[in-house]
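The structure under discussion appears below in the form of structure tokens.
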Amino acid sequence: MAGPTLLDIKGVQTFYGNIRALNGVDVTVNEGEIVALIGANGAGKSTLMMTIFGAPRARAGTITFAGTDITQMPTHEIARMRIAQSPEGRRIFPRMTVMENLQMGASLDNLKHYDEDVEKVFTLFPRLKERIAQRGGTLSGGEQQMLSIGRALMARPKLLLLDEPSLGLAPLIVKQIFDAIRELNRTQGLTVFLVEQNAFGALKLATRAYVMVNGNVTMSGTGKELLANPEVRAAYLEGGHH
Ligand SMILES: Nc1ncnc2c1ncn2[C@@H]1O[C@H](COP(=O)(O)OP(=O)(O)OP(=O)(O)O)[C@@H](O)[C@H]1O
Ligand SMILES: [Mg+2]
């Protein structure tokens, strides 16, 4: 069940030099929702995720999180607002073990419930427990994605941002990752905002979704509505399993 607005993005414009990558984006994420952002390569999806963290910084518009304007807040302070991310490409620490990677995700405030939080990650992804002492860089792609999400969860986020969690993974692993996201949302009420190229999977998972084209949000609706929308089907679901 969706609660009050947690993340409110209004009229956000982001530039790389003189090139405008986001042209005034409006997106809201309510407490308890899974919201998906779909769109083609280069649409600006990752840019929006990164703009939430202030790198790159929005040049126009506002980003409000839990009632606080975070548009100009330093990135480390934004993280302290309990927003955590699994960025595009996962970015785990390759030379560190699974356990050390998880430790990196825990903020100082959370050290007192560190053991409990690690156990929660291992319950969600038992595969990680079996590989506790293995170096991040030697994990499979799917295991690295699990670790990236697990590390983000160690921050006890109120909002979890996921950039392409399914990228490059086999269907069975994608299912495990999506099931885990659904489980986190259902059992812990975790709010999730995810970017996906896998439009079919994302729209099935999402409470609501947005479509981005060339730095603009062009459509939004419930996951079901967008799955049934002919334009969405033609542009993003053709050739997929549906
Ligand atoms: N660091 C950068 N410097 C200059 N231009 C950039 C930079 N990062 C991204 N862009 C440009 O901004 C636009 C949006 O890129 P972005 O990575 O946000 O797209 P995306 O929707 O995440 O694509 P993909 O699905 O391929 O990950 C693209 O045209 C891209 O070339
Ligand atoms: Mg991207």
Side-chain angles (χ1 to χ4, degrees), residues 7 9-29 34-63 70-71 74-75 78-79 83-92 141-142 144-149 151-152 159-171 173-174 177-178 181 192-206 208-221 223 226-227 229 231-241:
L7 178 70
I9 298 170
K10 273 207 167 67
V12 162
Q13 298 187 20
T14 301
F15 290 72
Y16 295 109
N18 292 324
I19 312 277
R20 190 161 62 178
L22 299 179
N23 300 326
V25 169
D26 295 333
V27 165
T28 59
V29 179
I34 300 177
V35 174
L37 177 64
I38 62 170
N41 291 119
K45 306 180 300 297
S46 296
T47 300
L48 182 60
M49 287 293 184
M50 296 186 295
T51 302
I52 294 169
F53 271 92
R57 190 69 63 185
R59 214 178 277 180
T62 56
I63 303 173
I70 63 167
T71 322
T75 295
I78 296 172
I83 305 178
Q85 66 167 337
S86 165
E88 189 170 61
R90 287 141 204 167
R91 313 248 191 87
I92 53 149
Q144 290 190 15
Q145 185 58 56
M146 293 172 193
L147 183 55
S148 179
I149 295 174
R151 187 181 61 189
L159 175 66
L160 178 64
L161 305 178
L162 303 171
D163 194 343
E164 311 247 16
S166 81
L167 191 69
L169 305 182
I173 306 295
V174 172
I177 301 276
F178 282 3
I181 296 167
V192 179
F193 182 35
L194 86 159
V195 164
E196 263 299 337
Q197 292 263 336
N198 177 352
F200 182 74
L203 294 178
K204 270 197 6 184
L205 180 66
R208 289 187 307 112
Y210 294 85
V211 178
M212 185 176 269
V213 179
N214 288 331
N216 296 293
V217 168
T218 56
M219 266 187 274
S220 64
L226 292 182
L227 267 179
N229 181 299
E231 275 178 69
V232 172
R233 295 183 75 87
Y236 304 104
L237 302 171
E238 289 301 306
H241 37 297

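For ligands, and for the atoms within them, numbers begin at 1 and follow the listed sequence. Note that the structure is a prediction, hence the values are computed from the model and not measured.
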How long is the straight-line distance from CZ of Phe53 back to CD1 of Ile70, given to the nearest 0.5 Å? 8.0 Å
I'd like to check Phe178 versus Asn198 (side-chain heavy atoms, cut-off strictly below 4.5 Å). Are they in contact? yes
Backbone of Met212 reached by a side-chain donor or acceptor of Lys45 within 3.5 Å: no
Do we see a donor-acceptor contact under 3.5 Å between the side chains of Arg59 and Gln13? no
Any chance you could measure Phe15, atom CZ, to Leu22, atom CG, to the nearest 0.5 Å? 9.5 Å
Could you state the interatomic distance from CD1 (Ile173) to CD (Gln145), rounded to the nearest 0.5 Å? 11.0 Å
Polar protein atoms (N, O or S) that approach the Mg ion (ligand 2) to under 2.8 Å: Ser46 OG, Glu88 OE2
Whether the Thr51 and Thr14 side chains hold a donor-acceptor pair (N or O, under 3.5 Å, no angle test) is what I'd like checked. yes
Would you sort out whether Leu226 and Tyr236 count as a side chain to side chain contact (heavy atoms under 4.5 Å, CB included), showing the intermediate values? CA-CA 10 Å; Leu226 292 182; Tyr236 304 104; over 6 Å; no
Write down, by chain and number, every protein residue that brings a non-hydrogen atom to less than 4.0 Å from an atom of ligand 1. Tyr16, Ala21, Ala40, Asn41, Gly42, Ala43, Gly44, Lys45, Ser46, Thr47, Glu88, Glu164, Gln197
Please check if the number of heavy atoms outside Arg57 that lie under 6.0 Å from its CZ is greater than 12. yes
